Protein chains: 2
Amino acid sequence: MTAVAVDVALLAIEAGRLTVLLVEPESADLAGTWSLPGRRVRDDESLDTTALRALRELAGIERPTLLLEQLRTYGAPTRDPRARVVSVAYLALSGAPLHPAPGPRPGPRAVVADAAEVLDWPPARFAYDHAAIVADAIERVRSRLEYTALATALLPAPFTLAALRGVYEAVWGGPLDPANFRRKVLATPGFVVPAPGPAVAGPGGGRPARRYAAGGATRLHPAMLRDR
Amino acid sequence: MTAVAVDVALLAIEAGRLTVLLVEPESADLAGTWSLPGRRVRDDESLDTTALRALRELAGIERPTLLLEQLRTYGAPTRDPRARVVSVAYLALSGAPLHPAPGPRPGPRAVVADAAEVLDWPPARFAYDHAAIVADAIERVRSRLEYTALATALLPAPFTLAALRGVYEAVWGGPLDPANFRRKVLATPGFVVPAPGPAVAGPGGGRPARRYAAGGATRLHPAMLRDR
DNA sequence: CCTGTTATGGTCAGGGTGACCAGAACAGGA
DNA sequence: TCCTGTTCTGGTCACCCTGACCATAACAGG
């Protein structure tokens, strides 16, 4: 009988870099590899609920996830050599940097890995086909930033336009022109709205920047296309 | 135990309209509703293989599918009142119009329905949550036509630019300017390439049109954005 | 008060786009 | 043969978006 599981790629921004949460597999014969937090789907539970439970039980993440989106489903017959497991992969975005297991915690060890580095790992360093899932998740975020407003889900509100630009630069891996970025963001209706409160300077000093919050828009018109 | 199934939304163009293939559910208590062709996943078979088998066994479709792409997975605990079934939905595109069961054929009855009409059906006219799957499939094709070259998968080659434009008009449901459409298609590298052979006039007469075939490109730069 | 840094606003040329026009190339009928 | 209707094909033009770039504003710190 084929079993159904959910695996979650939880991404966040930390120190200007895109990161992904990895955990140690529970089974002993996968020691030395890393995997995404995943759980079997219970009979009475939705797929989304399973995803949240996997984050809670395996990574101690309670609720900081602001966005949860289905990625795709991986069902190669031999992807798990022990049994037939069809896995529904999820993409999750955290609005705050991830803390890799502060102190003793139930469950396996967890690490926060740099996404760009993880893409260069040999696939065997991952359990199952999780290398492909991680790669698909990263590509999905890169693409979603072009056409949707979910970059704001990777930031605590309120935020400056420089911080929002930092999200794009972290995910896409390259610098963006501050003036042009500002022009495009403000020209897209509903992307961000001004937040009350004083302007605040960044860590490098300079003129304090106005703060904004996420607007109501989900899709961006026009899109924020990255260079190819 | 939760079971895994695959449901396929097979779309095609017929007489300038986008169509979707529907079949009668096999279980008797769903009589009067329509469903997508679907099958349980066998232990030794990949999800893609299950999708092709569903089309073969339930609709008599052998191989005209030029494109098969995973849509998303539907896993609400009560989507099938009889048992817990997690369904991986697929989008399939046919390069030729679908023939609704020519003569006696094994398997249940099948119809080719107009996509625009089906979107207006009450959800109860579908079995399970297949109304949502059909709607997602149609929206996926509409979106894919903007950013990818898969419109050529809905046409037999070689084709004229008017026929390609007809695909866009059928899927998006509105007229496009022939001259501007032509300019954009030809300006997108690798979208189409000229095909050998003479030009041919359309059904309404007029100047014969040059024929083209699909180029090697999969993504369109720049994109063919539809009106919103 | 000066310097360094960042935010913010503006200019300018180039490319993509929609609206539109006009000739080219046929079929079919007078 | 000539005319008409249709569609294909190529072109123009104004408008918007974009990237590259410059200038000024507004702070912190020496």
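Keep in mind that what you see is a predicted model, and the values were worked out from it rather than measured. All chains are named by letter (A, B, ...) in the order of the sequence lines, taking the proteins before the strands, and each is independently numbered beginning at 1.
Minimum atom distance to the side chain of A:Arg165 is reached by C:dA7, of the listed C:dC26, C:dA7, C:dT8.
Residues A:Gln70 and A:Arg140 share a closest heavy-atom pair of O-NH1, 3.4 Å. The two residues B:Pro37 and B:Leu58 come nearest to each other via the heavy atoms CA-CD1, 3.8 Å.
Atom P of nucleotide C:dT6 and atom CG of A:Asp177 are separated by 14 Å, given to the nearest angstrom. Following rounding to the nearest Å, B:Leu186 (CG) and D:dG11 (P) show an atom-to-atom distance of 12 Å. D:dT18 atom P lies 13 Å from atom CG of A:Leu176, rounded to whole Å. Rounded to whole Å, the distance from CZ on A:Arg211 to P on C:dT8 is 12 Å. Taking atom CZ of B:Phe181 as the reference point, atom C1' of D:dT7 lies 15 Å away to the nearest angstrom. The separation between B:Glu169 atom CD and D:dT7 atom C1' is 13 Å, rounded to whole Å. Atom CZ of B:Arg207 is separated from atom P of D:dC8 by 10 Å (rounded to the nearest Å).
Between A:Phe126 and the choices A:Thr33, A:Leu36, A:Val134, the side-chain contact (heavy atoms from CB on, under 4.5 Å) rule is met once, by A:Val134.
Using a 4.0 Å heavy-atom distance criterion, B:Gly202 is classed as making no nucleic acid contact. Across all strands shown, B:Ala162 has heavy atoms under 4.0 Å from sugar-phosphate atoms exclusively, and none from any base. Residue A:Ala201 is out of contact with every strand shown, counting any heavy-atom pair closer than 4.0 Å.
Between A:Gly204 and A:Tyr212, the residue anchored closer to the 5' end of DNA chain C is A:Gly204, taking for each the nucleotide with the nearest heavy atom.
Residues passing the side-chain hydrogen bond (donor to acceptor under 3.5 Å, both in side chains) test with A:Ser46 are A:Thr49, sequence neighbours excluded.
Counting only distance, with no hydrogens or angles, the side chain of A:Arg142 and the backbone of A:Val171 share a donor-acceptor pair below 3.5 Å. Remark: the backbone N or O of B:Arg219 is not paired with any side-chain donor or acceptor of B:Thr148 at under 3.5 angstrom.
A salt bridge links A:Glu139 with A:Arg226: the distance from a Lys NZ or Arg NE/NH1/NH2 to an Asp or Glu carboxylate oxygen falls below 4.0 Å.
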Protein and nucleotides 16-18 of chain C: nitrogen or oxygen contacts under 3.5 angstrom:
from, atom 1, to, atom 2, distance (Å)
C:dT17, OP1, B:Ala223, O, 3.4
C:dG18, N7, B:Arg183, NH2, 3.1
C:dG18, O6, B:Arg183, NH2, 3.1

